[in-house]
Amino acid sequence: RDRFPGAYTAASDMYQWAALLYWACARRPWVAQEGITHAPSLPPALPLASELSDLMGDVLCRPAERRLSPALGLRHPYFTASADFSTRHSTRGGGAAAGESSDVSSEEESEATDRIAALQHICALLRETHKDKGRFFMQVERSAIVDTVIAEFSSVSKGKLLRKLNVKFRGEVGIDAGGLTKEMYTRFFEALSSAECPLFACDPDAERPTFLPAKVGGSSFGGGSGLGEDPLLPSFEAVGRVLGKAILDGVPIASGRGGFHPLVFRALLHKKIPEPNLHDLDAFSPGEARSCRQLLAAPDASCLYLSFEEDQGGGDVTNENVKQYVRLRASRELLGSGRRERLDAMRRGFSALPLGAHLRLFTVFELMSLVCGKQTLSADDLLGRVVFRGYGSQSRTPAMLRAVLRGYSDTLRLKFLSFVTASTALPARSIEGGDESGSIAVSFVAWSSDRLPLAHTCFDRLDLPEYPSEDVLRDKLTWCLDNLEMAGFGES
């Protein structure tokens, strides 16, 4: 540093650190190439590979003046998630290092909680400001939930989006006190991921499918130019509006077969969608990503007789340009054939609600958690929200229900949550609420034991009579969960 003043800076130290870390993880040196803006690819089996790839991209692929600083780097989800992972899996006697990791994780978790609380406060203020301006009334068809919801959100004005939503299902007599709104969101996003819906697609061979807008024309690799005007862009804009409105209303959503791909959330946060990398491809199409990795590992890429597309300049694939070919292949698969334009349309619809400045403070992972809620539900998480009311001190029902819920799988616990709250995620604890805000009430009712439990989704309440045994309670409740699709908001 004394011999070459200015040659070494905090930014250059960060770059060298990230390059060394890349070598340690990928077992090959990092080779800087001009124009690279995407995160580097890492072995998929690496713990927290996606988070680490994003962290390295923030250091290795940015100019020095925009490079991640050490202080901000320590707050990256890779380190906070690593700290949380280490804390949960550490052996006894972890010493100071484990304590320091725990402190970093706790600080990051606290900051994320503060951001969510601030967003909840803004949403509450927006709802309060517009509560005297009427309601946003909409009628939807349960059997055509996607078409009818999109039609309603396509035609509504931006100002009306801020009003309290009031939903009516055609042919049903239910009155919306909050439950029908949650039911609409849940059924809509479940239907988006169904095989019958043409708007979104996944890799059918993926073990854990994630969804992106379907390609225009359904082509698999080629195309992407000369598509003309996509007639479904207004529909994707409406989907973005529904997502924004769900955040405003504080209703977490999750699809039935799988969640949205992380690229969807990046598109919502960034006006220019970051170019995808091999990890993004792996999250959508593991088979395609595996093929790309085999291509990168080939001793001589020219022996594979692959060529670039004409709109990519043509030419044969060689060892010198194989990485560029893989990047373009990933980008074409994930953003080509009209997908980029459809994601842009979702962002335009999402931006119709005045939450953008606040949501830009969120990472992609935090936005995913905020929108989708937890995709699994442990017994402890669920029972921590259950409050029993009206049962005597000698009643066995609270203990029996706890035992039944602990014996359920994650899937059945999520069904129970949907049955009682019409939502696929735990109710958010209100920043203005008391100790029981966000609770699920289980209330005693003096019914005969041949009656089924009755859910009041508008109030997150379950009416549960006294049953003679745990087996009877389990049979009655499980029947309700197995027949959720039969349910509607009617007099029965």
Could you go through the side chain to side chain contact (heavy atoms under 4.5 Å, CB included) check for Leu401 and Leu477 one step at a time?
-> CA-CA 9 Å; Leu401 180 61; Leu477 184 58; 3.9 Å; yes
From CA spacing to verdict: side chain to side chain contact (heavy atoms under 4.5 Å, CB included), Tyr467, Thr397 | CA-CA 7 Å; Tyr467 291 112; Thr397 297; 6.0 Å; no
Take Leu263 and Arg266, measure what side chain to side chain contact (heavy atoms under 4.5 Å, CB included) needs, and give me the verdict at the end.
-> CA-CA 5 Å; Leu263 271 179; Arg266 288 185 200 164; 4.1 Å; yes
Give the intermediate values and the outcome of side chain to side chain contact (heavy atoms under 4.5 Å, CB included) for residues Lys160 and Arg135.
-> CA-CA 8 Å; Lys160 209 170 181 181; Arg135 295 199 175 194; over 6 Å; no
Worked verdict on Asp380 versus Arg406 for salt bridge (Lys or Arg N to Asp or Glu O under 4.0 Å) | CA-CA 8 Å; Asp380 288 338; Arg406 287 193 180 279; 3.0 Å; yes
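Without hydrogens or angle criteria, Arg187 side chain to Ile145 main chain gives no donor-acceptor distance under 3.5 Å. For the pair Ser291 (side chain) and Gly287 (backbone), a donor-acceptor distance under 3.5 Å is absent. Here the side chain of Thr148 pairs a donor or acceptor atom with the backbone of Glu141 at under 3.5 angstrom. Checked by atom type and distance alone, the side chain of Asp249 never pairs as donor or acceptor with a backbone atom of Val251 at under 3.5 Å. In this structure, Lys476 contributes its side chain and Cys480 its backbone to no donor-acceptor pair below 3.5 Å. Of the possible polar contacts, one joining the Ser193 side chain to the Glu190 backbone as a donor-acceptor pair under 3.5 Å is found. When atom types are taken as modelled, the side chain of Ser331 and the backbone of Leu328 share no donor-acceptor pair closer than 3.5 angstrom. Judged purely by atom type and a 3.5 angstrom limit, His261 has no side-chain atom pairing as donor or acceptor with the backbone of Ala283.
The side-chain heavy atoms of Arg402 and Phe388, taken from C-beta on, include a pair separated by under 4.5 Å. Counting only heavy atoms from C-beta outward, the side chains of Asp463 and His456 approach each other to under 4.5 Å. Side-chain contact between Phe137 and Val167 is absent, with no heavy-atom pair separated by less than 4.5 Å. Contact check for Leu335 versus Pro276: side-chain heavy atoms found under the 4.5 Å cut-off. Side-chain contact check for Val146 versus Leu199: some heavy-atom pair is nearer than 4.5 Å. Using a 4.5 Å cut-off on side-chain heavy atoms (C-beta onward), Tyr185 and Leu165 make contact. Side-chain atoms of Tyr325 and Leu306, non-hydrogen and from C-beta on, do get closer than 4.5 Å to each other. By the 4.5 Å heavy-atom criterion applied to side chains, Val386 and Ser439 are not counted as neighbours.
Closest non-hydrogen pair, Glu229 versus Leu233, comes out as OE2-CD1, 3.5 Å. Considering all non-hydrogen atoms of both residues, Thr210 and Cys202 come closest at O-CB, 3.3 Å. Contact record, Pro234 with Pro231: CD-O, 3.4 Å, taken as the closest heavy-atom pair. Taking every heavy atom of both residues into account, Leu269 and Phe362 meet most closely at CD1-O, 3.8 Å. Annotation for Arg329 and Leu295: closest pair NH1-CD2, 4.2 Å, computed over non-hydrogen atoms. Residues Val420 and Ala455 come closest through the heavy atom pair CA-CB, 4.0 Å.
In this structure, Asn166 CG and Phe136 CZ are separated by 10.5 Å, a value rounded to the nearest 0.5 Å. Annotation: the span from Arg347 atom CZ to Phe265 atom CZ amounts to 16.0 Å, rounded to 0.5 Å. The distance from atom CG of Leu232 to atom CD of Glu237, rounded to the nearest 0.5 Å, is 13.0 Å. Distance check: Leu212 CG to Ser285 OG gives 10.5 Å after rounding to the nearest 0.5 Å. Atom NZ in Lys164 sits 7.0 Å away from atom CG in Asp176 (nearest 0.5 Å). Atom CZ of Arg163 is separated from atom CG of Leu248 by 13.5 Å, given to the nearest 0.5 angstrom.
A ring-centre distance under 6.0 Å is not found for Tyr408 and Phe416. For an aromatic pair to be called close, the ring centres must be under 6.0 Å apart, and Tyr391 with Phe444 satisfies this.
Checking Phe200, Phe153, Phe350 one by one against Phe236, the ring-ring contact (aromatic ring centres under 6.0 Å, His included) holds for a single residue, Phe200. Applying the side chain to side chain donor-acceptor pair (under 3.5 Å) test between Glu466 and each of Ser448, Ser449, Ser395 identifies Ser395 as the sole match.
The pair Arg142-Glu172 meets the salt-bridge criterion, with a side-chain N (NZ, NE, NH1 or NH2) lying under 4.0 Å from an Asp/Glu carboxylate O. In this structure, Asp344 does not pair ionically with Arg342, as no charged nitrogen and carboxylate oxygen lie closer than 4.0 Å. Between Arg385 and Asp381 there is no salt bridge, since no side-chain N of the basic residue sits under 4.0 Å from a carboxylate O of the acidic one. Taking a cutoff of 4.0 Å between a charged side-chain nitrogen and a carboxylate oxygen, Lys215 and Glu333 qualify as a salt bridge. Salt-bridge formation is not detected for the pair Arg241/Glu152: no Lys NZ or Arg NE/NH1/NH2 atom is positioned less than 4.0 Å from an Asp or Glu carboxylate oxygen. Under 4.0 Å is where a charged nitrogen must lie from a carboxylate oxygen, and between Lys182 and Asp460 at least one such pair does.
Counting non-hydrogen atoms of other residues, nucleotides and ligands closer than 6.0 Å to CZ of Arg290 gives a total of 12 or fewer.
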